Amino acid sequence: MTIKEFLNKISDTVWEIPVSYKEGMRVPARIYATEKLIRELDEAVYDQVTNVATLPGVSKYALCMPDGHFGYGFPIGGVAAMDVEEGGVISPGGIGFDINCGMRLMVTNLTYDEVKYDIKKLVDKLYQKVPAGVGSTGFVKLSRSEFREVVEQGARWCVRNGYGWEEDLELMEEQGCMKGADSSKISDKAIDRGFNQIGTLGSGNHYLEIQVVRPENIFDKELAARMGITIPNQVVVMFHCGSRGFGHQVATDYLQVFLKVMESKYGIKILDRELACAPFHSPEGQAYFSAMKCGINMSFANRQVILHRIREVFSEVLGNSPEEMGMHVVYDVAHNTAKLESHIVDGKERSLLVHRKGATRAFGPQMQDVPEKYKDIGQPVIIGGSMETGSYLLVGVPTGDQTFFSTAHGSGRTMSRAKARKIYRGEQLQKDMQKRGIYVRSTSYSGLAEEAGAAYKDIDDVIEAAELAGISKRVVRLTPIGNIKG
DNA sequence: ATGTTC
């Protein structure tokens with residue numbers, strides 16, 4: 001029997017693969033997608049999401065969000081909540097190598113007309129001040145021991161040291177600092193790779209974008225206003241980056257640790273080595289949990305310094321202070337993490353380690369950890385599309401409980417990077433985008449080709465699926481006008 | 001994603 005015969009349509013946006021599909025599945029797998037997205041879905045995702053459903057402690061369903069695609073072990077777009085009192089595991093493959101890869105959005109009080117002649121200058125200057133590309137290093141000079149403080153304190157360290165405003169911290173997941181980060185669980189090698197990378201964008205699909213909110217793209221005026229979007233053709237800045245080589249090394253270190261002890265010490269058998277894991281309540285699991293929190297904080301700090309640089313650049317180019325230009329953070333979301341959260345499962349409150357790998361937390365109104373400013377409307381959700389097509393600001397909703405309050409994180413690739421490089425040319429893409437009013441700079445033309453809009457699912461389809469399924473609600477769509485691609 | 005194959 002093929003996978004398609006096992007796939008049960010639960011609703012217009014939810015598809016289920018029962019436990020009978022594969023030996024060892026503890027729970028069904030559920031994919032969130034419209035019929036169109038299901039047709040486009042990489043078949044490997046079915047294999048990966050059902051592998052996840054075999055992991056010890058997995059609660060309710062192994063999930064895949066509408067932007068799901070093939071990843072390391074888990075699909076990207078994968079969500080799995082492990083019950084830590086029922087032998088639940090922690091798995092680096094369910095978090096991603098780029099720990100706390102995430103998005104931040106900042107508004108301005110400027111309109112498109114006020115910046116249109118300065119876009120090139122802004123992008124060129126941002127390109128200088130926010131280092132991008134493989135192996136790039138930042139302008140924040142830290143010793144290795146200072147960097148150990150940064151990974152324990154996150155964005156708080158940055159604000160204390162002059163990078164940004166106190167109010168920024170209130171508008172970040174975990175207020176910019178994940179408690180319990182313990183740098184004694186970090187290898188010297190990870191420190192070596194990360195200590196000079198604060199304030200850098202990275203490569204791949206990481207980018208920094210100047211965007212405009214067109215009046216016709218505001219779906220909920222009241223919610224938009226609550227998030228600081230009130231002016232027609234308002235200019236905002238969005239960026240996407242993570243924990244660079246640091247997070248990557250943390251993941252690599254602990255994958256090796258887990259592979260050694262998983263079967264011999266804990267008797268866990270897995271279908272794919274890439275799903276290496278350890279019980280959450282084990283010395284190895286706890287060590288990785290503390291180390292991963294350092295990765296989360298490195299990334300929060302990285303985005304905080306980048307935010308500060310953006311304010312500096314706008315101020316330099318446009319001649320007003322960041323305060324005068326109303327450069328306030330909307331929110332900062334992580335989309336590669338595992339977090340210990342309390343959720344109701346079959347009527348009972350459970351302590352779950354929610355893995356979100358290429359998936360965004362989307363807490364509804366009144367939930368704990370939603371900032372006071374947004375308590376009554378729900379957590380802002382920032383979803384980045386491809387550099388050509390546009391991005392979205394959404395909000396979490398009460399019906400998000402079905403996915404442990406998680407939603408999509410981006411467009412999701414439809415073709416491999418290698419295939420995109422074969423089909424598209426970076427130089428031509430840059431010219432085409434320029435014609436359509438998007439000034440783009442990149443460290444690499446081949447990297448640019450990999451990020452061609454056509455190599456991704458249609459962001460509007462992904463957002464539509466997420467909204468129809470009731471896992472997040474659209475607020476505004478954002479249109480790019482300038483882009484720095486890592 | 002990544003000192004793009006320790």
Side-chain angles (χ1 to χ4, degrees), chain A residues 48 67-78 91-104 131-138 144 147 186-208 239-260 273-274 276 291-292 294-296 298-300 302-303 306 333-338 355-360 384 386-387 409-413 415-422 426 442-451 455-456 484-486:
Chain A
Q48 291 196 316
D67 54 338
H69 59 285
F70 180 75
Y72 182 93
F74 280 56
I76 296 166
S91 175
I95 293 161
F97 278 84
D98 189 6
I99 296 166
N100 189 8
C101 185
M103 311 288 309
R104 198 185 289 214
V134 178
S136 56
T137 56
R144 285 166 173 78
F147 182 65
I186 298 292
S187 68
D188 288 338
K189 196 172 177 184
I191 297 291
D192 282 345
R193 286 184 69 174
F195 82 103
N196 58 8
Q197 292 186 316
I198 292 286
T200 64
L201 203 52
S203 65
N205 66 356
H206 288 163
Y207 63 85
L208 191 174
F239 54 101
H240 175 217
C241 64
S243 50
R244 307 290 329 280
F246 178 73
H248 194 276
Q249 190 60 47
V250 171
T252 304
D253 288 342
Y254 282 92
L255 277 168
Q256 281 172 0
V257 171
F258 288 180
L259 279 170
K260 263 187 214 134
R273 278 174 58 87
E274 295 182 356
M292 182 205 54
C294 293
I296 290 180
M298 152 55 175
S299 201
F300 281 145
N302 193 21
R303 291 200 286 273
I306 290 173
V333 294
H335 54 228
N336 277 6
T337 61
H355 293 71
R356 295 188 182 90
K357 194 258 193 87
T360 311
S386 81
M387 62 186 178
H409 85 302
S411 293
R413 295 197 75 88
M415 74 175 73
S416 69
R417 292 183 175 280
K419 190 175 172 193
R421 273 198 307 273
K422 260 187 204 165
S442 176
T443 57
S444 137
Y445 279 123
S446 64
L448 196 62
E450 290 175 2
E451 296 303 315
Y456 282 89
I484 289 121
K485 206 212 74 60

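Proteins get letters first, then strands, A, B, ... in listed order; numbering begins at 1 in each. Worth saying up front: this structure is predicted, and the values here are computed from it rather than measured.
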Atom OH of A/Tyr254 and atom C1' of B/dT2: how far apart are they, to the nearest Å? 19 Å

Under the side-chain contact (heavy atoms from CB on, under 4.5 Å) test, which residues partner A/Ile76, sequence neighbours left out? A/His69, A/Lys357, A/His409

Tell me every residue that passes side-chain contact (heavy atoms from CB on, under 4.5 Å) with A/Asp253, counting only those two or more places apart in sequence or in another chain. A/Ser187, A/Ala190, A/Gln249

Residues which pass salt bridge (Lys or Arg N to Asp or Glu O under 4.0 Å) with A/Arg273, listed by chain and number, not counting sequence neighbours: none

With sequence neighbours excluded, residues passing side-chain contact (heavy atoms from CB on, under 4.5 Å) with A/Lys419: A/Met415, A/Ser416, A/Ile423

Table of protein N/O atoms under 3.5 Å from nucleotides 3-6 of chain B N/O atoms:
from, atom 1, to, atom 2, distance (Å)
B/dG3, OP1, A/Arg193, NH2, 2.0
B/dG3, OP2, A/Gln197, NE2, 3.0
B/dG3, N2, A/Arg193, NH1, 3.2

Using whole Å, what does the distance between atom P of nucleotide B/dT2 and atom CG of A/Asn196 come to? 14 Å

Taking side chain to side chain donor-acceptor pair (under 3.5 Å) as the test, write out the residues that go with A/Thr200, two or more places apart. A/Arg244

Look up atom CZ in A/Arg303 and atom CG in A/Leu208, then write down how far apart they are to the nearest 0.5 Å. 12.5 Å

Atom CG of A/Asp253 and atom C1' of B/dT2 are separated, to the nearest Å, by 13 Å

By the 4.0 Å heavy-atom rule, please label A/Gly204 as base, sugar-phosphate, or nothing. sugar-phosphate

